[in-house]
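Written below as structure tokens is the structure these notes are about.
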Amino acid sequence: MSEIVEKAESFVTEILESQLDPKFLYHNLKHTQRVVKSTKELLNFYKLDPAKEEKLLLTAWFHDTGYTTGVTDHEEASCKIATEFLKKEGYNGQNTEEVCEAILATKRYHEPANLTEQIIRDADASHFAQKSYWETTDFLREELKELGIADYSNKEWRDINIKMFRNEHQFYTDYAKEHWEEGKEKNLKLLVKEKKTEKEIAKKEALKAKYKSESPDRGIQTLFRVTLKNHLTLSDIADTKANILLSVNAIIISVALSNLIPKLDNPSNVYLIWPTAIFITFSVISMVLAVLATRPNVTSGQFTKQDVENKKVNLLFFGNFHKMSLGDYEWAIQELVKDKDYIYSSLTKDLYFLGLVLNKKYKILRLTYTIFIIGIVVSVIAFAFSFNFLGGSARILG
């Protein structure tokens, strides 16, 4: 690297770090360094004479220094800053003019007239082909917003970038076309894919909104769903309670049959007959009631077409159709789904009869638990009385 390029690097780095508005999130020192790196990559391929390479590197370093004075005509401002610096350093006047011409070639719609201008323009836009494109384009968008130039939405900014890739930008050098074009196309495909994905999401959201607007009764559906679920949960709880009673009483009767009843044939244990009978009787009654609470009630399982047409049958309960043929049931369901009122009527009936079943279950369970408690208390009292009074008499007689 020549001495003048080294001095230019130090000078540009210092003014971009100290004088550039921090709102320039894209056109900053990092961008300039990237352009310099891309310029060197192109120069390594084209092997220009040292003087041209030097002028191109000076152009790369100075091309965005004008942003330190503002956005408007920043290329001309960059040219002025470069000229003042190079003049101060005693740089050749003709070479300085060529550096300025190359800087001005970085204007947005400028068509390069020679290889020098092609190289600096390709280097300035090399981020289009890089993996860091997504980061740099976000910085540029945020910069425009911070500077008050434009505030683009995600969709607007993506569409602008797609338009830039397809209609405006092109690589000019053969090297960039061969080595960078592929990366640019990949980024373009990702932009287009993102756009398609967003369109699909928007379409789904539109359909969802349309469905929601056409279904104002979603709250009613949720009401039925939650209420039916709660009823089924309560039914499961009732069955569990009944099973607990069955298990406990079965254990009690098993213990009584195996340990207590065999002792009753002994004359000295006659006093235990009535307490044992009371104990087992209450246990048996509790078991019977627990079974009744969980015993299923199956209906006829048949209906007629007239019942469906008159909306008198609940097609959602298995007990009304378990004996019907598949064809008849399919026809009935098709008739059901055609009529929203019939659906809600069927759900209402389902909910109502579930409530009746729950009422029956819990009434029987309440009675069962009451009898079980009474049986335990009475049995204990009976055993205590028999042991203290009848048992004493039996021992005296014995």
Side-chain angles (χ1 to χ4, degrees), residues 11-39 59-82 103-110 120-171 176 180 183-206 209:
F11 174 77
V12 171
T13 300
E14 193 278 327
I15 65 170
L16 290 181
E17 287 181 339
S18 62
Q19 299 180 28
L20 188 66
D21 191 328
K23 292 179 181 179
F24 286 95
L25 302 174
Y26 172 75
H27 292 101
N28 51 25
L29 178 60
K30 186 175 181 180
H31 165 73
T32 298
Q33 291 171 336
R34 176 184 57 75
V35 174
V36 172
K37 182 179 179 181
S38 298
T39 302
T59 301
W61 278 112
F62 280 99
H63 82 286
D64 273 346
T65 52
Y67 279 112
T68 56
T69 64
V71 176
T72 306
D73 297 326
H74 65 272
E75 291 89 0
E76 285 77 3
S78 298
C79 182
K80 182 179 179 181
I81 293 171
I103 290 174
L104 295 176
T106 61
K107 286 188 174 183
R108 182 169 179 177
Y109 298 106
H110 179 82
I120 194 61
R121 284 193 66 83
D122 283 353
D124 196 23
S126 60
H127 67 287
F128 285 161
Q130 296 174 355
K131 293 181 179 179
S132 60
Y133 161 75
W134 301 97
E135 178 185 12
T136 55
T137 192
D138 285 342
F139 280 138
L140 179 55
R141 175 189 170 193
E142 190 64 25
E143 177 183 297
L144 294 174
K145 179 181 178 181
E146 290 290 323
L147 294 172
I149 298 174
D151 185 5
Y152 296 107
S153 65
N154 289 336
K155 180 181 181 301
E156 290 171 339
W157 186 243
R158 185 189 56 248
D159 291 343
I160 287 172
N161 278 266
I162 291 175
K163 184 178 179 181
M164 169 71 74
F165 272 67
R166 286 177 169 173
N167 303 328
E168 184 177 329
H169 176 264
Q170 63 173 307
F171 286 121
W180 296 350
K184 175 188 171 183
E185 288 300 317
K186 285 183 179 179
N187 287 331
L188 174 59
K189 287 179 180 178
L190 289 174
L191 282 169
V192 174
K193 183 179 179 180
E194 185 180 280
K195 182 176 182 178
K196 289 181 178 179
T197 302
E198 187 175 278
K199 281 185 176 180
E200 291 174 357
I201 293 174
K203 186 177 180 180
K204 289 180 180 178
E205 290 296 325

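Keep in mind it's a predicted model, so treat the numbers as computed, not measured.
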All ring-ring contact (aromatic ring centres under 6.0 Å, His included) counterparts of His110, not counting sequence neighbours
none

Sequence neighbours excluded, every pair satisfying salt bridge (Lys or Arg N to Asp or Glu O under 4.0 Å) that has a member inside residues 121-132:
none

If you compare all heavy atoms of Val35 against all heavy atoms of Ala60, which two are closest, and at what distance to 0.1 Å?
CG1-CB, 4.2 Å

In terms of heavy-atom contacts, Trp180 and Ser126 come closest through CZ3-CB, 3.7 Å

Results of side chain to side chain contact (heavy atoms under 4.5 Å, CB included) for Ala82 - residues two or more places apart only:
Phe62, Ile103

Atom of Gln130, atom of Ser38 and distance for their closest heavy-atom approach
NE2-OG, 3.9 Å

Pair Glu76 + Lys107: basic N to acidic O under 4.0 Å
yes

Step by step, work out the side chain to side chain contact (heavy atoms under 4.5 Å, CB included) result for Thr13 and Trp61.
CA-CA 9 Å; Thr13 300; Trp61 278 112; 4.2 Å; yes

Are any of the side-chain heavy atoms of Asp64 and Leu16 separated by less than 4.5 Å?
no

4.5 Å side-chain heavy-atom contact, Ile15 and Leu20
no

Can you sort out the partners of Glu17 under salt bridge (charged side-chain N to carboxylate O under 4.0 Å, His left out), two or more places apart, ordered by chain and number?
none

Enumerate the residue pairs fulfilling salt bridge (Lys or Arg N to Asp or Glu O under 4.0 Å) with a member in residues 132-150, sequence neighbours excluded, ordered by first and then second residue.
Lys30-Glu135

Please enumerate all residues that pass ring-ring contact (aromatic ring centres under 6.0 Å, His included) together with His127, with sequence neighbours excluded.
Tyr26

Can you tell me if Trp157 and Thr137 form a side-chain donor-acceptor pair at under 3.5 Å?
yes

In chain order, what residues pass the side-chain hydrogen bond (donor to acceptor under 3.5 Å, both in side chains) check against Ser18, with sequence neighbours excluded?
Glu14

Looking at His74 versus His63, is the centre-to-centre ring distance below 6.0 Å?
no

Is Leu140 close to His27 at the side-chain level, that is, under 4.5 Å between some pair of heavy atoms?
yes

Applying side-chain hydrogen bond (donor to acceptor under 3.5 Å, both in side chains) to Lys184 and not counting sequence neighbours gives His169

Kindly write out the residues that satisfy ring-ring contact (aromatic ring centres under 6.0 Å, His included) with Phe24, not counting sequence neighbours, or none if the list is empty.
Tyr67

Any side-chain heavy-atom pair of Phe128 and Met164 under 4.5 Å
yes

Taking salt bridge (charged side-chain N to carboxylate O under 4.0 Å, His left out) as the definition, give me every residue that meets it alongside Lys37, ordered by chain and number, with sequence neighbours left out.
none

Heavy-atom closest contact (Thr69 atom, Ala77 atom, distance)
OG1-CB, 3.5 Å

Within this structure, what is the CD1-OG1 distance for the pair Ile120 and Thr39, rounded to the nearest 0.5 Å?
4.0 Å

Report yes if some heavy atom in the side chain of Ser153 is under 4.5 Å from a heavy atom in the side chain of Arg158; otherwise report no.
no

Restricting to non-hydrogen atoms, name the atom on Thr65 and the atom on Ser78 that form the minimum distance, rounded to 0.1 Å.
N-OG, 3.4 Å

Here the side chain to side chain donor-acceptor pair (under 3.5 Å) pairs for residues 185-194, sequence neighbours left out, are Trp134-Asn187

What I'd like to find out is whether the side chain of Leu144 reaches to under 4.5 Å of the side chain of Asp151, using heavy atoms alone.
no

Drop me the distance from Leu191's CG to Ile160's CD1, to the nearest 0.5 angstrom.
12.0 Å

Can you name the residues that form a salt bridge (charged side-chain N to carboxylate O under 4.0 Å, His left out) with Asp159, not counting sequence neighbours?
Lys155, Lys195

With side chains defined as the heavy atoms from C-beta onward, is the minimum distance between Asn161 and Tyr133 less than 4.5 Å?
yes

